[in-house]
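Letters go in sequence order (proteins before strands), and every chain restarts at 1.
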Number of protein chains: 2
Amino acid sequence: MNKETTIYDIAKDLGVSPTTVSRALNNHPAVNENTRKKIFDAANKSGYQSNVFAANLRNKRTKKIGVIVPRLNSSFQSSVLAGMEKVANDSGFNLIISQSLESYEKEVSNALTMFNSRVDGLLVSIAGDSENMDHFTPFLRKGIPLLFYDRIADYSNTAGITIDNFQAAYNATKHLIEQGCKKIVHVLRSTKNNVYADRLRGYKYAFLENEIPFNPDLVIFTDLIEEKGEEIVKQILKMNPLPDGLFVSNDSFAANCIRHLKLEGIRIPEDIAVVGFNNEAISRLVEPNITTINYPGYEMGELAMKNLINHLENPSEGMLHNTNKITLRSELIIRASSKKK
Amino acid sequence: MNKETTIYDIAKDLGVSPTTVSRALNNHPAVNENTRKKIFDAANKSGYQSNVFAANLRNKRTKKIGVIVPRLNSSFQSSVLAGMEKVANDSGFNLIISQSLESYEKEVSNALTMFNSRVDGLLVSIAGDSENMDHFTPFLRKGIPLLFYDRIADYSNTAGITIDNFQAAYNATKHLIEQGCKKIVHVLRSTKNNVYADRLRGYKYAFLENEIPFNPDLVIFTDLIEEKGEEIVKQILKMNPLPDGLFVSNDSFAANCIRHLKLEGIRIPEDIAVVGFNNEAISRLVEPNITTINYPGYEMGELAMKNLINHLENPSEGMLHNTNKITLRSELIIRASSKKK
DNA sequence: TGAATTTATGAAATCGGTTGTAATATAATT
DNA sequence: AATTATATTACAACCGATTTCATAAATTCA
C-alpha cells in the first residue's frame, strides 16, 4: 500500500513547516514567492493530493450540493440537472444526486443522507406524494440553504423557483377554447403539489372566464407513465359525446395519448385538439407536432444553482434571503396538434 | 451558531469515554448492551449527527461513487443513471455525477475533481472526442476501481460493460437488407469510441456477407443533436439514386430524420426503411413506430453499479478482477418503420 | 543607529471520530 | 482461595489540513 503524500512530507523534504506548506498551497499572501514556488514544485513532483476530509473537518464546508429529484430519467428533469451541473462545475462544486422516485419515504431517507453527507446546500423538486416537509427542518435549523425548484412547497418561507403554472395552464386552455373546443379533458398527476394544483386552477379559470361550466369528470389523474397511455385513451373514448380538446401535463404523455388516439381512428387536431407541456424534443418529432408550453428546464437548473451558490459565497447579500419565489417566463408554442382553424 | 453535538459531549454527559460512545454507535460487539442503549438514547435526544469527515479521515472511505457521463439530458444516459442511483442508494452509497459534454478537456477536469473528492469507485462513459485515458491513471495507481460502461476503452485492462454493438448493427443492417434495401445510409457519431466503431463494422460486415459492395459515401458522421436533423436529411435527399434504407445510431435522431423525410414527401418505410437504436420511448410514439435495437440502459446502470459495489465490499472476490468485459443482451425490435414486406 | 513596522515562518492546538493496547472488573475454573 | 479467562471500558495516539499566536528576520523611518 503506497501511502499518500501529505503536507508533512513536503514540509520535511523542504525543511519548512507544515504551516508554510499549507499556506503556500492555499495561496496565502504571507508566503514568500520563492518558497511558494518551491512548495508547488515539490507538491507536483510528489503527486501530492490534498486530503479533502482533513480540510473539511476544519472548514466545515464540503463544496458539495445535493439535488433530490423525483426521477432521473425524465426529459425535463435531466435538462434541469444538466443546467445545474454546468453551473456547479464551473464554480468548483460537486453534485450529489438522488432520486425520490415520487415516494415520500424515499425523499425522507434521501434528505437524511444528504444531511449526513453535509452538503453545503440542497436543491429539491418534491416527490409526487410527499406529505409534509419535516424532513427538511434539519437543514433550516443548521442554516443550510434550501431551494425548491419546479415542484415547490410553501414551507417556512423557503425560496422556490417555478414557472407560473396557473398562467401557463390558463393560456393553454384558453387557446383550446379559442380553437372552438367545448369539451376539454385535462390529464395530470395528483394535485398534491403546486405544479399540478396550479395548472388545474388555470384550466378551471379559463372555463370560468368563458362561462363554460366546469365538469370534474373531464379531469383525469394518472401518474403519467408510458404504460398508462392506452388506458387513459380508452377512458377518454368512453366519454359521450367525445371530447374535442385534450390538455396533458407533459409532452411525452401527450405524444403517448396522440398515438393511441390515432390508433383508434381519431384525427388530431380535427377530432381532438391536443396541448402538451414542457416543450420536450418529442413535441417537435411526432405527427402532428404538439402545441405545448415552453418550460425552460435547462435555464431553470442554471438559475437555481446560480442562486444557491451565490447565496453560499455571499451569505449576507444572497438573493435567497429576501426572495421568496422566482418565476421564470414560459410561453405557449402553438403547433399543428391544436390548430383547428 | 449552535455547535454540533459530538461523541465527546455524549461521553461527558454519560460519564463514559468517547471510545465507548464511538464503539456503541458503530455496534461494536465489545460494548455492554445497557451502555449501548444509554448511548443511543442520548445520541437521539441530542440530535447527534456523526461527522463524516472525521470518520472518513480515519477510514479512508467516502461511500461515494463518481459517475462521469457524456450528457445528463439524454434519454439513454438518464436511464442508466436511474439504474445506478437505485442500486447505489440501496447499498448506502452516494452518487457524484458530472457530465463531460462530449469534451475531452472537461472529462479530464471531471476525473481530477472526482479523484480529489476521493470517490470510492468511478463509473465512466467516455466522451465523444476523448483522445487518451491518461486522466484515469491516478485511479488505477491508487487502486480505486474503475469501470467503463457503454462507451468503453481498451485501457490497461480496465473492465467495461457494453452490448455487442457489432452484432446489433449487423442485425439491424441485415434486417434492412432482408427487407430489400440495396442502398443503406448509416448515421452515427465519430468512430473514436468503441460504440460507433463497432456499429460501423457490423454495418459493413452485413454488406460483405451479402456481397454488396461497401460505399463509404453512405456513412454520415454527425453529433446527433436535434438541430442537425434537417441538414442530414438534405444530405440524404441529394443522393442519387435515393437510398432505400437508413440506420441511425439513436432513436431520437432517427425520429428527427423521419420527421424531416416525411416533410419532404418521403414515405417511411415504402421509400426509405428506417432502423434506430436504444429503444427509447420515442421509438414507440412516432409515426411509424421505429424499428430499433433494445438497449437496456436501466439494467446496464444497475449491473455496472452492482459490480462496482460488490468489488468494493469484497475486494478479493469481486468480478472486476477477472472480468474484462461484460456484454449485455440486446435485440432487434422490428416495428413499422422498416417493414417493407 | 535605534525604534517601529513589515514580512515570513513555525509551534502547537484544533476539527471529531477511530483503534491498538492497557487497565479494570467480573465470572469461571481448579 | 488463588488463578485464569472473559467482558467492559478507558487512555492516548492518530488521520491531515488549518489557524491562532508568537517570534525571528528584514525593512523602513526618525
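In terms of polar N and O atoms assigned as donor or acceptor, the side chain of R23(A) comes within less than 3.5 Å of the base of dG10(C) in a complementary pairing.
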Full working for side-chain hydrogen bond (donor to acceptor under 3.5 Å, both in side chains) between S100(A) and N110(A): CA-CA 7 Å; S100(A) 63; N110(A) 287 342; 5.6 Å; no

Does the side-chain hydrogen bond (donor to acceptor under 3.5 Å, both in side chains) test come out yes or no for S22(A) and T19(A), once each step is laid out? CA-CA 5 Å; S22(A) 170; T19(A) 313; over 6 Å; no

Check against side-chain hydrogen bond (donor to acceptor under 3.5 Å, both in side chains), S117(A) and N94(B): CA-CA 9 Å; S117(A) 302; N94(B) 279 140; 2.9 Å; yes

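Separating the CG atom of N59(A) from the P atom of dC15(C) is a distance of 13 Å, rounded to the nearest angstrom. For N56(A) and dT18(D), the CG to P distance is 10 Å, given to the nearest whole Å. Residue R61(B) contributes atom CZ, which lies 16 Å from atom P of dG16(D) at whole-angstrom precision. Rounded to a whole Å, the NZ atom of K38(A) is 12 Å from the C1' atom of dA8(C). Summarising the geometry, the separation between CD on Q49(A) and C1' on dA17(D) is reported as 13 Å, rounded to the nearest angstrom. Atom CZ in F53(B) sits about 11 Å away from atom C1' in dG16(C), given to the nearest Å. In this structure, N34(A) places its CG atom 16 Å from P of dT7(C), rounding to the nearest Å. Whole-Å rounding puts the H28(B) NE2 to dT9(D) P distance at 12 Å.
Distances shown here put every side-chain N or O of S17(B) at or beyond 4.0 Å from the OP1 or OP2 atom of dC11(D). For dG17(C), the OP1/OP2 oxygens have no side-chain nitrogen or oxygen of S50(B) closer than 4.0 Å. Put simply, K60(A) has no side-chain N or O that comes within less than 4.0 Å of OP1 or OP2 on dT18(D). Side-chain N/O atoms of T35(B) include one lying less than 4.0 angstrom from OP1 or OP2 on dT9(D). One finds no side-chain N or O of N51(A) lying less than 4.0 angstrom from the OP1 or OP2 phosphate oxygen of dA17(D).
When the nearest nucleotides of DNA chain D are assigned to A54(A) and T19(A) by heavy-atom distance, the more 5′-ward of the two goes with A54(A). Of the two residues near DNA chain C, T20(B) and L57(B), the one whose nearest nucleotide lies more 5' is L57(B). Toward the 5′ end of DNA chain C lies the nearest nucleotide of V31(A), the other residue of the pair V31(A) and N26(B) mapping further downstream.
Using a 4.0 Å heavy-atom distance criterion, A30(A) is classed as a base contact. Using a 4.0 Å heavy-atom criterion, one finds that V21(A) contacts no nucleic acid atom at all. Counting any heavy atom pair closer than 4.0 Å across all strands shown, V52(A) reaches no nucleic acid atom.
For K142(A) and F115(A), the positive end sits near the middle of the six-membered ring, less than 6.0 Å away and at most 45° from its axis.
Relative ring orientation between F136(A) and Y155(A) is described as tilted, the plane-to-plane angle lying within the 30° to 60° band. Between Y104(A) and H135(A), the ring planes are perpendicular. Angles over 60° get that label, and only those under 30° would be called parallel.
Atom CG of D154(B) has 12 or fewer neighbouring heavy atoms from other residues, nucleotides or ligands inside a 6.0 Å radius.
Between K86(B) and D90(B), at least one side-chain nitrogen of the basic residue sits less than 4.0 Å from a carboxylate oxygen of the acidic one, meeting the salt-bridge criterion.
Of the residues in residues 6-15 of chain B, those lying under 4.0 Å from DNA chain C by heavy-atom distance are T6(B), I7(B), Y8(B).
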